[in-house]
Amino acid sequence: MEERVLSKKKNGMAALFGILLLFVISVAGIVAGSITIAGSKGLALAMGIVMLVAGILLVIVSCVLCGGLKVLKPQEALVLTLFGRYVGTLKEDGFYFVNPFCTSVNPAAKTKLSQSGDVSAPAPLMTITNSSVSTNVEAGSNKISLKIMTLNNNKQKINDCLGNPIEIGIAVTWKVVDTAKAVFNVDNYKEFLSLQCDSALRDIVRIYPYDVAPNVDTTGDGIADEGSLRGSSEIVAEKIRGEIQKRVAGAGIEVVEARITYLAYAPEIAAVMLQRQQASAIIDARKMIVDGAVGMVEMALERLSENHTVELDEERKAAMVSNLLVVLCGNRDAQPIVNSGSLY
């Protein structure tokens, strides 16, 4: 289905004046016909009846023609069909007059996505909410918004490439670029976009680990790399955007951007993963403490040897090293012991 833009229908103001003139003529005919019928007989009576009927018919025609007047604001579109056949799309802002028997089509008019800037519609009488899509019972406008809108789907629980369950949420900015495809190629382009976002997110997240893991290939080149959901968020977001765009191109939708808005381990393993991170941090801290302690002991022995402050044999040096390492690497403050006797 190819989109056809109707750009030569901006004659709404002239049509409005014509309809008003026709309405005035019809009212005048009804009044004149009523007066003629009231006080006439024979031919004059017949003329009065004709004028009255003509005036009534002109009123009906005027009301029907009013249905062809269409007003569009900037970044709005209207898809028109005539007896089931696609006529074209009004996309430019202005005052239009079209065939009054044309009907506007928008199967997603009743659907509101979470945090999306749809075309304004009357307040709903009742809202039925399911996942991230809420459907209004009261019908809204059939105009299609061409603005950039935001879809913020609910958080999903997905297993990463290592099998760890994580919770992740994304925000997708999108817009309609082909109204014919959006209306006729899919049943409801808003629900279609929401479902494809969920599916694409699952496919991409399964490629990456939550954090950097050894021997994991996230690029598909057969070489282990350091890609991860936490550390490569920009790359992951671009892959998610590309995957969504590939899926919704047939619906006339352009995905402008996709961003990760929430990322965390699932509650059932969050405590264990926190302990693992704490253990890793403790090990790294211990390594740093030991390296520093060894350096300080070496420096102390070198300074004592250079200044000939104390002459120590190998056994005394080993004892001194042991004591210094215990003091420097211990978790608690050292308790000094004063030795009043001889070192030997």
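FYI, side chains are in, hydrogens and waters are out, and symmetry mates aren't considered; it's all heavy atoms of this structure. Note that the numbering runs from 1 along the sequence shown for the chain.
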Joint hydrophobic cluster, Leu146 plus Leu151, side-chain heavy atoms closer than 4.5 Å: yes
Close side-chain approach of Asp93 to Lys73, heavy-atom, < 4.5 Å: no
Gap between atom CG of Asn106 and atom CG of Asn188 - 0.5 Å precision: 8.5 Å
Polar contact flag, side-chain donor to acceptor under 3.5 angstrom, Thr173-Thr150: no
Check: Tyr96 and Leu72 side chains under 4.5 Å, non-hydrogen atoms: yes
Rounded distance (nearest 0.5 Å) linking atom CG of Leu301 with atom CE of Met296: 12.0 Å
hydrophobic_cluster_shared for Ile207 and Ile170, side chain cutoff 4.5 Å: yes
Donor-acceptor under 3.5 Å (Ser194 side chain, Glu191 main chain): no
Polar side-chain atom of Glu76 near backbone of Ser145 as donor-acceptor pair, under 3.5 Å: no
Basic-acidic side-chain contact under 4.0 Å: Lys181, Glu2: no
Polar contact flag, side-chain donor to acceptor under 3.5 angstrom, Arg247-Ser199: yes
Sidechain-backbone polar pair: Asn152 side chain, Ala171 backbone, donor-acceptor under 3.5 Å: no
Atom pair NZ (Lys110) and CG (Asn142), whose distance is rounded to the nearest 0.5 Å: 9.5 Å
Non-hydrogen side-chain atoms of Leu78 and Thr89 separated by less than 4.5 Å: no
Shared hydrophobic cluster for Phe17 and Val61 (ILVMFWY, side-chain gaps under 4.5 Å): yes
CG/Asn185: more than 12 non-hydrogen atoms of other groups inside 6.0 Å: yes
Any side-chain heavy-atom pair of Pro267 and Glu167 under 4.5 Å: yes
Mutual orientation of the aromatic rings belonging to Tyr265 and Tyr210 [parallel < 30°, tilted 30-60°, perpendicular > 60°]: tilted
Side chain to side chain, Glu254 and Trp174, heavy atoms closer than 4.5 Å: no
Donor-acceptor contact below 3.5 Å, side chain Lys147 vs main chain Gln75: no
Phe23, CZ: over 12 other non-hydrogen atoms inside 6.0 angstrom: no
Nearest-0.5 Å distance that lies between atom CD1 in Ile244 and atom CG in Asp203: 10.5 Å
Val27 reachable from Leu52 in the ILVMFWY side-chain graph, under 4.5 Å edges: yes
Side chain Thr81, main chain Gly84, donor-acceptor under 3.5 Å: no
Check: Val79 and Phe184 side chains under 4.5 Å, non-hydrogen atoms: yes
What side-chain donor-acceptor pairs closer than 3.5 Å can you find for residues 233-241, not counting sequence neighbours?
unit_1 : atom_1 : unit_2 : atom_2 : d
Glu234 : OE1    : Arg259 : NH2    : 3.4
Glu238 : OE2    : Arg241 : NE     : 3.3
Glu238 : OE2    : Arg241 : NH2    : 3.4
Lys239 : NZ     : Tyr208 : OH     : 3.2
Arg241 : NH1    : Val255 : O      : 3.1

Validation row: Phe101, Leu82 side chains within 4.5 angstrom (heavy atoms): yes
Gap between atom CG of Asp160 and atom CZ of Arg206 - 0.5 Å precision: 11.0 Å
Separation between CG of Leu20 and OG of Ser62, rounded to the nearest 0.5 Å: 8.5 Å
Contact check, side chains of Leu229 and Pro209, non-hydrogen atoms, under 4.5 Å: no
